[in-house]
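None of the values given here were measured: they were computed from a predicted structure. Numbering of residues begins at 1 and proceeds along the displayed sequence. Every number for a ligand or one of its atoms is a count from 1 in the order of the listing.
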Amino acid sequence: MEIDEAIRASSDRRLQTKYNSAAYIIQRAFALYEFEQVAFSFNGGKDSTVLLHLLRAGYFLYKKNTHRPKGNQMDHVLNCPMRTIYFESPSAFPEINSFTYETASIYDLQLEVIRSDFKSGLEALLEQKPTKAIFLGTRIGDPNAVGQEQFSPSSIGWPPFMRVNPILDWSYRDVWAFILTSKVQYCSLYDKGYTSIGSIYDTVPNPLLCTIDSLSNTEKFKPAYLLSDGRLERAGRAKKRNQVSEASIDIRNGPNIIHSHQNGALMASIIAVGDEILFGNVEDEIAGTLCRKLHAIGWHVSHKSVVRNEIDSVAEEVENRKSTDNLVFLFGGVGPLHSDVSMAGVAKAFGTRLAPDEEFEEYLRHLIGNHCTGDRNEMALLPEGITELLHHEMLSVPLIKCGNVVILSATNAYEVEKQWNCLLESANTPLVQLAPFFSKHLSTMLSDVELSETLSRLCLDFPDLNISCHRKARTGPLIISSTGKDQTRVELAAKLLSQKYHGAFSEFNFEGV
Ligand SMILES: Cc1cc2nc3c(=O)[nH]c(=O)nc-3n(C[C@H](O)[C@H](O)[C@H](O)COP(=O)(O)O)c2cc1C
Ligand SMILES: Nc1ncnc2c1ncn2[C@@H]1O[C@H](COP(=O)(O)OP(=O)(O)OP(=O)(O)O)[C@@H](O)[C@H]1O
Ligand SMILES: [Mg+2]
């Protein structure tokens, strides 16, 4: 069987692994359901083209493994005469239509063309012919893939059947590696720069593949398989409303829009994940550094917390903070150890799951080389559909941002300093530089009782300032800080206080402490 032979003969181990697991899913589906009760949903797109050839290979392997025929007795299964459904729409590209029809005829597919919407078409189909399972070329990253597994029952409200998704965990690059290695035909639009194909009204060639022909000074598009970042395969598709996963990974449009709180202020919170901090074995120095850094660029820090190395603890905290703050920083619990559950916690907070991120895996491979086989690197499992990598030349591995949560791998103040600088300089930085804060700190030996009324009054008179008090020891000096964005107001508050208690205050400088 030519597909099976081509993949086995290739030197691409990753492709072989993906192929083997897809072929396994297909064979299990053929073992579970009668051939006549299974259908293949084919639309001439690249993913369903891959699936077609995987089905042919899987069917061949299934027959070979279950019937053990000799010699050329296998010839009759070189094709897979599957029931194939195509939802044809008047707004489909003519190239897609012709490719679908031609392919169905080449491979003896029993094509059933449906000219209604998916749901009512499937209802009619199931009434006419018992259909237990339908193969789909859905992949992680497709807007409708969230929450699906390789075997996923149809959704509530849909007619009952099993959706079988053998290439769910395939990346864009895997799809093209398969097509190019097995040398199968694909729709001609992909050679014209289309990377994901919808209707003629919502699809154009991917702008990221556009080049200018220097001779004719006209636009040209490179073929789809040359798109280097597969996460941008839908860049030529008009956005639908409510496509959450797309909105959050749209790195072309820069950082996610951040809605500011009162007075244009932006809020951040910091979550440390670490049993060692809660046991008191380790003093956290990262959160403090982050507070200073955020303050220095004019951000407010609303909350700082430490949670246990437990998925649910991380998920609960992230869920709370991500909806309250513009940006959440999380550190600790990142890596390959049993206690490194932060990614899983973040995924759970966003209602998604961990999925292999091919680009991140590539970075890790450079970093840890032989220790990572490439088949299975748990550190390359990142929250599906919400992850954006933030690159910087000084970082061997990019920083990870999931929605509005930035995950830092720093383990001490020095490392967080470096990651912070890279984050600030990253092209997609979520850190907006705001007007700076000004602070004035005064030190006094006056007692709290003597000062309390005056300070309450000062807070009322200066609602735009943060006036805070702290002391290092009950018997030591009291430090009063006023902080705000208007330097004149900050200085005025300090001056009024000093004037009221003539000679009782001196200026204080935190740096000198
Ligand atoms: C065979 C088949 C089965 C489907 N089953 C479901 C389903 O169970 N639940 C669901 O919400 N959508 C289902 N859909 C719809 C898809 O999730 C999705 O809306 C569609 O493929 C997206 O195409 P579009 O981006 O062109 O709208 C199904 C589609 C097909 C072709
Ligand atoms: N009109 C349709 N008729 C039959 N199946 C469809 C149709 N639209 C989508 N599907 C099924 O859903 C899967 C995912 O759809 P999608 O639009 O991502 O197509 P594709 O094959 O992936 O091509 P591309 O991503 O390049 O547009 C397809 O592989 C196919 O199994
Ligand atoms: Mg697709």
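Neither the backbone nor the side chain of L51 has any atom closer than 4.0 Å to an atom of ligand 2 (non-hydrogen atoms only). Residue contacts with ligand 1 for K119 are absent, since no atom lies close enough (heavy atoms, distance under 4.0 Å). Here F42 has no heavy atoms under 4.0 Å from ligand 1, in either its backbone or its side chain.
Ring to ring, Y186 and F99 are not that close: their centroids are 6.0 angstrom or more apart.
Any N or O atom pair closer than 3.5 Å counts here, and Y86 shares no such pair with ligand 2. Residue-to-ligand polar distances place F87 within reach of ligand 2: an N/O pair is separated by less than 3.5 Å. Taking distance alone, with nitrogen or oxygen atoms compared against 3.5 Å, I197 approaches ligand 2 more closely than that limit. Among the atoms of D47, some N or O lies under 3.5 angstrom from an N or O of ligand 2.
At least one heavy atom of L122 lies less than 4.0 angstrom from ligand 1. At least one heavy atom of Y190 lies less than 4.0 angstrom from ligand 2. Under a 4.0 angstrom heavy-atom cut-off, F118 registers as being in contact with ligand 2. Assignment of T195 to the shell around ligand 2 is supported, since a heavy atom sits closer than 4.0 Å.
Among F118, F40, W158, the residue whose heavy atom lies nearest to atom 4 (C) of ligand 1 is W158. For atom 30 (C) of ligand 1, the nearest non-hydrogen atom from the set T203, L136, D142 belongs to L136.
Under a 4.0 Å criterion applied to the non-hydrogen atoms of S196, ligand 2 contributes the atoms 24 (P), 25 (O), 26 (O), 27 (O). Of all the atoms in ligand 2, the ones that sit under 4.0 Å from a non-hydrogen atom of L136 are 11 (C), 12 (O), 31 (O).
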### Query
Please walk me through it: do E362 and R365 pass salt bridge (charged side-chain N to carboxylate O under 4.0 Å, His left out)?
CA-CA 5 Å; E362 199 70 39; R365 193 174 293 125; 3.4 Å; yes

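Classified by interplanar angle (parallel below 30°, tilted 30° to 60°, perpendicular above 60°), the ring pair Y363/H391 is tilted. Between F93 and Y194, the ring planes are perpendicular. Angles over 60° get that label, and only those under 30° would be called parallel. Taking the six-membered ring where tryptophan is involved, the planes of Y19 and F178 are essentially parallel, since the angle between them stays under 30° and well short of 60°. Between F35 and F30, the ring-plane angle classifies as tilted under the 30° and 60° cut-offs.
We find that K129 and E112 are joined by a salt bridge, their nearest charged nitrogen and carboxylate oxygen being less than 4.0 Å apart.
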